[in-house]
Amino acid sequence: MSVRRSSVEALLTSQELDREVLVKGWVRTRRGNKYVQFIAVNDGSTINNLQVVADAEKFPEETLKDVTTGSCVSVKGRLVASQGKGQTVEVQATEIEVLGKTDPEVYPIQRRGAGQQGISLEELRKIAHLRPRTNTFGAVLRLRHTLAFGIHQYFNDRGFFYVHTPIITGSDAEGAGQMFRVTTLPDQNPPLTEDGKVDYSQDFFGKSTNLTVSGQLEGELAAMALGQIYTFGPTFRAENSNTPRHLAEFWMIEPEMAFYELEDNMDLAEDFLKYLVRYALERCPADLQFLNDTYDKELLNRLRFVIDNDFQRLTYTEAVDILKSAKQKFEFPVDWGTDLQSEHERYLVEKHFKKPVILTNYPKDIKAFYMKLDEDGRTVRAMDVLFPGIGEIIGGSQREESLEKLEQRMQEMHVPAEELWWYLDTRRFGTAPHAGFGLGFERLVLFVTGMTNIRDVIPFPRFPKNAEF
RNA sequence: GCUUCCUUAGCUCAGCCGGUUAGAGCAUCUGACUGUUAAUCAGAGGGUCCCUGGUUCGAGCCCAGGAGGGAGCGCCA
């Protein structure tokens with residue numbers, strides 16, 4: 001009778017010993033002597049490896065020769081209590097088949113030796129197709145999955161509906177940055193209009209189209225019918241941003257809620273982030289422990305701290321006062337009316353309050369047209385959630401529900417109202433107070449994994465001058 | 001886009017004031033060892049010193065330009 005394949009995770013946590021098992025995975029290391037060989041096998045189900053023990057005499061020399069770091073093997077054997085000290089169980093192999101060989105002279109991911117640093121994260125970026133086979137990227141990708149799943153879990157449990165907003169958009173008025181053009185017109189000699197410009201009326205959609213920079217405007221449409229919704233999809237920014245916190249292609253979560261005001265929005269954002277951190281701690285303890293031990297000894301403490309403490313809430317105006325009376329000297333001056341610099345945000349989060357901060361009620365001139373004006377007419381009901389190390393993780397606001405005020409803001413900020421006639425219709429027909437925010441998914445993964453470069457928390461990062469793989 | 005730093009073996013890095021044939025650890029290969037744990041021990045192979053040009057009797061090292069990468073800043077999530 002044939003034995004079903006077990007995952008490494010299932011075998012390592014199994015209470016049923018002394019039974020026949022089948023396991024398949026990739027070889028991390030092999031060591032031993034001419035009599036006994038130890039093969040560390042990993043199949044991605046867990047960060048931990050399964051130790052396969054092979055009596056060298058029972059296997060042809062050619063077989064064991066091909067069991068090299070990076071090769072793929074299928075092993076049948078007996079799951080037994082380990083005689084060695086490093087693990088509780090191991091597999092005594094009876095059959096080993098090499099499913100895929102690896103030339104160790106060429107395979108770039110080799111184990112590192114004692115006291116060695118090993119391959120760097122920068123080097124691994126050049127081999128992004130193989131880096132999931134490392135402990136680090138296995139841990140990061142499992143955490144990424146877990147967080148994505150947790151997001152759906154959170155919203156589904158609370159009656160939010162998942163809405164798919166378009167990835168190709170016909171409006172370039174969203175104002176969230178440079179966009180990538182989508183076209184099927186030929187690169188050579190595209191059709192031109194009479195005044196010599198490219199004639200997009202002959203393009204696929206009959207107009208100029210781009211990749212989305214945000215699903216928010218469409219999300220608002222859905223919220224004004226379904227009540228509370230969220231989007232979770234890819235987002236594209238053609239900005240030439242060269243930092244460890246920006247990608248040209250990233251994933252964003254954008255909840256939008258009818259009848260929510262700014263306070264409700266903040267409550268949701270804070271509860272949501274705490275839920276996700278807790279979710280990751282509960283589901284991925286081994287991966288987080290590895291990241292904590294390997295990269296950042298404060299990671300687990302920081303995650304627990306976020307769960308256990310209220311976020312500090314204050315207005316932009318209060319923040320400016322704190323910064324102005326701060327003893328620290330800033331490279332850029334603090335002035336009411338100008339946007340805060342990274343150094344200012346970092347001071348508030350990392351030095352002054354030493355906890356996540358929610359800044360609200362920014363001056364209207366530095367925020368988007370759709371944010372609701374405060375009574376005083378100077379500020380808007382915006383909120384930014386600032387986290388240590390990564391800065392703005394969430395940006396959101398209560399939306400302007402008054403048609404007249406919204407139209408006036410659009411005029412002031414030169415947003416073409418005719419292009420957004422459909423957006424304005426929500427204010428024209430049964431408008432309601434509503435609010436929402438955007439969470440950068442990779443920034444969340446950055447925070448939870450303790451990685452320091454956003455290019456290391458997405459499988460295949462897209463950034464200026466880089467679209468390999 | 002701006003500022004700044006970096007680029008030497010598969011990887012992580014040394015390389016003196018510009019001076020013969022460019023080094024180490026790990027990895028890889030060969031051998032030894034009957035239970036290893038980032039195995040150990042012995043040996044071997046492995047280099048377009050990022051590219052182009054210049055200065056010099058002589059350049060890994062100095063100069064100029066270019067490419068790639070990191071970090072900081074801007075833009076933002």
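The figures here come from the full heavy-atom set of this structure, side chains too, leaving out hydrogens, waters and symmetry mates. Here is the naming used below: chain letters follow the sequence lines, and residue numbers restart at 1 for every chain.
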message = Looking only at the side chain of A:S82 (C-beta and beyond, no hydrogens), which of the listed nucleotides B:rU36, B:rC73, B:rU28 gets closest?
response = B:rU36
inquiry  = Between A:R125 and B:rG70, is there a contact of a side-chain N or O with OP1 or OP2 at under 4.0 Å?
reply    = yes
query = Between A:Y275 and A:R158, is there a cation-pi geometry (under 6.0 Å to ring centre, at most 45° from the normal)?
reply = yes
ask   = Separation of A:R237 atom CZ from B:rG74 atom P, in whole Å?
value = 17 Å
key: Distance, rounded to the nearest Å, where A:Q83 contributes CD and B:rG35 contributes P   = 11 Å
Atom pairs under 3.5 Å, N or O on each side, protein against nucleotides 1-10 of chain B: can you list them with distances?
unit_1: B:rG1; atom_1: OP1; unit_2: A:N240; atom_2: ND2; d: 2.9
unit_1: B:rG1; atom_1: N7; unit_2: A:N240; atom_2: O; d: 3.4
unit_1: B:rG1; atom_1: N7; unit_2: A:N242; atom_2: ND2; d: 3.3

Whether A:F38 stacks on the six-membered ring of B:rG35 base, 5.5 Å and 30° limits = no
Pairing residues for A:Q37 by the side-chain hydrogen bond (donor to acceptor under 3.5 Å, both in side chains) criterion, not counting sequence neighbours = A:R30
ask   = Using a cut-off of less than 4.0 Å, is there contact between a side-chain N or O of A:R111 and OP1 or OP2 of B:rA39?
value = yes
By side-chain hydrogen bond (donor to acceptor under 3.5 Å, both in side chains) - contacts of A:R409 (at least two apart) = A:E412
query = Do A:Y154 and A:F160 have their ring centres less than 6.0 Å from each other?
reply = no
inquiry  = Taking 4.0 Å as the cut-off, does a side-chain nitrogen or oxygen of A:R31 come that near to OP1 or OP2 on B:rA39?
reply    = yes
query = If only side-chain N and O atoms of A:N453 are considered, is one of them under 4.0 Å from the OP1 or OP2 phosphate oxygen of B:rA71?
reply = yes
Contact under 4.0 Å: A:K34 side-chain N or O vs B:rU36 OP1/OP2 = no
inquiry  = Per the ring pair (Phe, Tyr, Trp, His ring centres under 6.0 Å) rule, what does the pair list look like for residues 95-151 of chain A, sequence neighbours excluded?
reply    = A:H129-A:F469, A:H145-A:F149
ask   = Parallel, tilted or perpendicular: which describes the rings of A:Y316 and A:Y362, with under 30° parallel and over 60° perpendicular?
value = tilted
request  = Look at the side chain of A:R346 and decide which nucleotide, out of B:rG35, B:rG72, B:rG69, has an atom nearest to it.
outcome  = B:rG72
query = Can you say whether the rings of A:F437 and A:F272 are parallel (under 30°), tilted (30 to 60°) or perpendicular (over 60°)?
reply = tilted
message = By the 4.0 Å heavy-atom rule, please label A:E345 as base, sugar-phosphate, or nothing.
response = nothing
message = Please determine whether a side-chain nitrogen or oxygen atom of A:R245 lies at a distance below 4.0 Å from atom OP1 or OP2 of B:rC75.
response = no
request  = Give the nucleotide from the list B:rG70, B:rC73, B:rU12 with an atom nearest to the side chain of A:S342.
outcome  = B:rC73
task = Ignoring the backbone of A:P244, work out which of B:rG72, B:rC75, B:rG35 is nearest its side chain.
result = B:rG72
inquiry  = Just verifying a value: how many Å separate A:T94 OG1 and A:F59 CZ, rounded to the nearest 0.5 Å?
reply    = 6.5 Å
request  = Please collect all salt bridge (charged side-chain N to carboxylate O under 4.0 Å, His left out) contacts where either partner lies in residues 46-56 of chain A, sequence neighbours excluded, each pair once.
outcome  = A:D55-A:K58
key: Runs of at least three consecutive pairs that involve RNA chain B, where pairs are Watson-Crick or G-U with distances under 3.5 Å   = B:1-7 with B:67-73, B:10-13 with B:23-26, B:28-32 with B:40-44, B:50-54 with B:62-66
